[in-house]
2 protein chains.
Amino acid sequence: MVSLTPRAERLLKALIGQYISEGQPVGSRTLVKQAGLEFSPATVRNIMSDLEELGLIRSPHTSAGRVPTERGYRFFVNTLLAVKSPKTLDVASIEDRFLADQDPQQLIESMSGLLSQVTKLAGIVRVPRRADAGFLQLDFLALSPTRVLVILVTQDGQVLNRVIHPKRSYSASELQQAANVFNGAYAGLSLDDVRRSLVEALRRDSEDMQQILRSAVEMAHQVFAGEAMSEAPLFVSGESNLLAFPELSNTEKLRRLFEAFTVKQDLLHLLDQSMVSQGVQIFIGAESGYEALESCSVVTAPYEVDGQIVGTVGVVGPTRMSYDRVISVVDVTARLLSGALSHGVPS
Amino acid sequence: MVSLTPRAERLLKALIGQYISEGQPVGSRTLVKQAGLEFSPATVRNIMSDLEELGLIRSPHTSAGRVPTERGYRFFVNTLLAVKSPKTLDVASIEDRFLADQDPQQLIESMSGLLSQVTKLAGIVRVPRRADAGFLQLDFLALSPTRVLVILVTQDGQVLNRVIHPKRSYSASELQQAANVFNGAYAGLSLDDVRRSLVEALRRDSEDMQQILRSAVEMAHQVFAGEAMSEAPLFVSGESNLLAFPELSNTEKLRRLFEAFTVKQDLLHLLDQSMVSQGVQIFIGAESGYEALESCSVVTAPYEVDGQIVGTVGVVGPTRMSYDRVISVVDVTARLLSGALSHGVPS
DNA sequence: ACTGGCACTCGGAAAGTGGGAGTGCTAAGA
DNA sequence: TCTTAGCACTCCCACTTTCCGAGTGCCAGT
């Protein structure tokens, strides 16, 4: 890690701050005026020259000012950024969202909208993978002689349902009994394990299985094999906020970016990375490793249920974003979400 | 309605076709060559002049070719467009989507993605308003002593669920009984009517109500009053396809448009309009009445369940779109969807 | 070590230029 | 009377030229 003189640090910080708020290359004169520095433009130029050698800033061309490089941003967030305690206004508007009593699932999904509204950037949220959730119970509900509603509930309160058309019709009590037997047999496993067991059970096709359990397994399998189970667990909101940034108005870049929002693959990988460790993580520009995100930064923070990291919330915006504010917003959102999820949702 | 000589019609049709495929103003010479017309550019110019007077085409400036006006497009789709029977390729790729056995709800929602993929434009779908659906049954499922899962099933197969925290804990059999009583009391109403009845019942707070029904009403009310009931019933997919069109690359217009996709209000109104009558409807440019859609056209078609119109599918794209193809795709999608929904979903 | 001064560079806006595509009009031909 | 060839005209667009100003780097003086 580079180390700078205090003066150079101060300068860099002022420059990045100015560039973030204005979006224009910053010249020595402007910087002196704007930051109220007590030395002259010429001195500033010398220091800038040093910073440029270190790769922290660069000039778009000879007679423009300087703009931060990705490395500059990185240095900035690593060492210069006093993580601001979030504006009370922001916290209040975030907390408001948690007052509404909601399903955990819905609450989590709504976080992307919340983040995009507060930051005016794109909000993203990675929800817990369904397949990893613990199996709580299954129920069969007869809708009509040919249609049965299968309801799958996980330990963390997610609910999945699907209407199936069983081979023969079942009475309500048969269904009840099937559910009971099934729940007894698969209690405590993860959904993924249950799915595997079901496939196994069907493959063996053993005659020794209770008739009623066999029916339950067949019906349940239709739910566990369904695509709802493997759906990409990623939500994005407020993409259109990004249209406001001139540095992203390059049509081709924009296309790539929106493509990434649609395909979700890359973002998902990125969010998976951020789930391995705690606290806010920041991917600046090319650091994410995905071309589509090259002039963007991603700020993420994982959230937990009862101490276990289960997902991530975050924000995507141009590299020129208010890192201090965004970081604190993402951080507090993740914390509040963890809190709301961990001690249940009070009504 | 204007009437044109056959020759003028032919010319207009060729011009619009050419403009749709190339996106450039069309000149007299180009038109003669491209459309293989047997008269000269000069004649074409004369006819164009007439068409311009009628307001069907216009020149962006003196020495450019002509482009269709909205009125021109309107005339085109109204009288010149032989509604092409859809390409077998398109139909096949659409039908493929229906093979997968799905929830009606999911099937409907997936239509927006389907339409956007097939047309390379933005696909939209208005799903049936939950509040209008017929109430089929309600069930209570104890998850834990303090949490009860309420499952609401409508006659058309939609399922809505929510976890609530009742004041006191109920046994499984109590819940069962409560559900039975409730279902008996409210059978056959629409969800909206049920909701109203519940509010009423709670307000009267009558002592003469059975204790068990009263509990059921209280718990049910939490579901019926929830925001899930009033959620905007509109899905949009493939917005990013629209970035490919140069005529929409104007950043401000684009912002407006994407804003409309996010807010949904305006689009919803538009789709509501299209639900009143059968068959494909087309809103060209300003015809929609919404500024955000000013250089866009919207093609919609309602879909039905058992002869009742319940929602709409559609496509949003630039006014310069392949109306023939888009119309047939939207039409066949709506038909296939109606079909799939009406005789149940075979597995 | 800092600063004022100064020559230099370069991008971007403004103004000028030429070419080409397309038009409208007119007059001649079918 | 309708069509067409010819022609003058218009106007955009792409290209160059010019000019200005912001900003730099360097040097010499404090």
Side-chain angles (χ1 to χ4, degrees), chain A residues 4-12 14-19 21-69 72 246-247 249-250, chain B residues 3-12 14-19 21-69 72 246-247 249-251:
Chain A
L4 298 179
T5 65
R7 213 173 46 169
E9 283 193 356
R10 203 174 133 213
L11 199 71
L12 180 60
L15 187 146
I16 294 183
Q18 172 74 9
Y19 181 70
S21 76
E22 299 301 327
Q24 297 294 330
V26 186
S28 53
R29 200 167 339 212
T30 330
L31 197 50
V32 169
K33 261 188 273 179
Q34 182 273 338
L37 301 179
E38 68 280 9
F39 31 86
S40 77
T43 313
V44 170
R45 284 203 287 277
N46 287 329
I47 304 173
M48 278 176 154
S49 203
D50 300 342
L51 292 175
E52 186 154 23
E53 265 175 38
L54 290 170
L56 298 174
I57 59 178
R58 64 186 181 83
S59 343
H61 57 84
T62 321
S63 79
R66 304 304 218 289
V67 300
T69 60
E247 58 261 54
S249 68
N250 175 317
Chain B
S3 86
L4 298 178
T5 66
R7 212 173 46 169
E9 285 193 355
R10 202 175 135 213
L11 200 71
L12 180 60
L15 188 147
I16 294 184
Q18 172 75 8
Y19 182 70
S21 77
E22 299 300 326
Q24 298 294 329
V26 186
S28 52
R29 198 165 341 208
T30 331
L31 196 50
V32 169
K33 262 187 274 177
Q34 181 274 336
L37 301 179
E38 68 280 12
F39 31 85
S40 78
T43 313
V44 170
R45 284 202 287 278
N46 287 330
I47 304 173
M48 277 176 156
S49 204
D50 299 342
L51 291 174
E52 186 155 22
E53 265 175 39
L54 291 170
L56 299 173
I57 58 178
R58 64 185 179 83
S59 343
H61 56 84
T62 321
S63 79
R66 304 302 217 290
V67 300
T69 60
E247 59 261 54
S249 69
N250 175 317
T251 317

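- B:L37 has its CG atom 13 Å from the P atom of D:dT3, to the nearest Å.
- When each of B:H61 and B:S40 is assigned the nucleotide of DNA chain D with its nearest heavy atom, B:S40 is the one assigned upstream, toward the 5' end.
- Atom CG of A:L15 is separated from atom C1' of D:dG23 by 13 Å (rounded to the nearest Å).
- A heavy-atom distance below 4.0 Å to DNA chain C is reached by these residues of residues 27-34 of chain B, ordered by number: B:G27, B:S28, B:T30.
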Sugar-phosphate atoms are those with a prime plus P, OP1 and OP2; base atoms are the rest. Using that split, label each nucleotide of nucleotides 13-20 of chain C B, S or - for protein heavy atoms under 4.0 Å, 5' to 3'. -------B
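- Taking atom CG on B:L51 and atom P on C:dG24, their separation rounds to 12 Å, with Å as the unit.
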Show the distances under 3.5 angstrom between N or O atoms of the protein and N or O atoms of nucleotides 28-30 of chain C.
none

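- Residues that satisfy the side-chain contact (heavy atoms from CB on, under 4.5 Å) test with A:P60, not counting sequence neighbours, are A:P25, A:A64, A:V67.
- Using a distance-only test at 3.5 Å, with no hydrogens or angles considered, a donor-acceptor pair links the side chain of B:T69 to the main chain of B:G55.
- One can place CZ of A:R58 at 16 Å from P of D:dG23, the figure rounded to the nearest angstrom.
- Atom CD of B:E38 is separated from atom C1' of D:dC2 by 14 Å (rounded to the nearest Å).
- Shown here are the side-chain contact (heavy atoms from CB on, under 4.5 Å) partners of A:T43, two or more places apart in sequence or in another chain: A:R7, A:F39, A:S40, A:I47.
- The salt bridge (charged side-chain N to carboxylate O under 4.0 Å, His left out) test applied to B:E247 returns B:R320, not counting sequence neighbours.
- Residue A:R66 contributes atom CZ, which lies 13 Å from atom C1' of C:dT9 at whole-angstrom precision.
- Separating the CG atom in B:L56 from the CE atom in B:M48 is a distance of 12.5 Å, to the nearest 0.5 Å.
- Screening residues 23-50 of chain B for salt bridge (charged side-chain N to carboxylate O under 4.0 Å, His left out), with sequence neighbours left out, gives B:R10-B:E38.
- A straight line from CD of B:E52 to P of C:dC25 spans 11 Å, rounded to a whole angstrom.
- Expressed to the nearest 0.5 Å, how far CG of A:L11 lies from CG of A:L4 amounts to 10.0 Å.
- To the nearest 0.5 Å, atom CG of residue B:N46 and atom CG of residue B:L51 are 11.0 Å apart.
- Straight-line distance from the CG atom of A:D50 to the P atom of D:dC26: 12 Å, rounded to whole Å.
- For DNA chain D, the residues of residues 41-49 of chain A within the heavy-atom distance limit of 4.0 Å (strictly under) are A:R45, A:M48, sorted by number.
- Contacts of A:E22 classified as side-chain contact (heavy atoms from CB on, under 4.5 Å), with partners at least two apart in sequence or in another chain: A:Q18.
- Position along DNA chain D of the nearest nucleotide to B:R7 versus B:T62 favours B:R7 as the more 5'-ward residue.
- Distance CD/A:Q34 to CG/A:L37: 8.0 Å, rounded to 0.5 Å.
- Closest heavy-atom contact between B:P41 and B:S28: O-CB, 3.7 Å.
- Listed by chain and residue number, B:I57, B:R58, B:S59, B:R66 satisfy the side-chain contact (heavy atoms from CB on, under 4.5 Å) test with B:E52 (two or more places apart in sequence, or in another chain).
- Minimum interatomic distance between A:V26 and A:L31 (heavy atoms only, all atoms of both residues): CG1-CD1, 3.9 Å.
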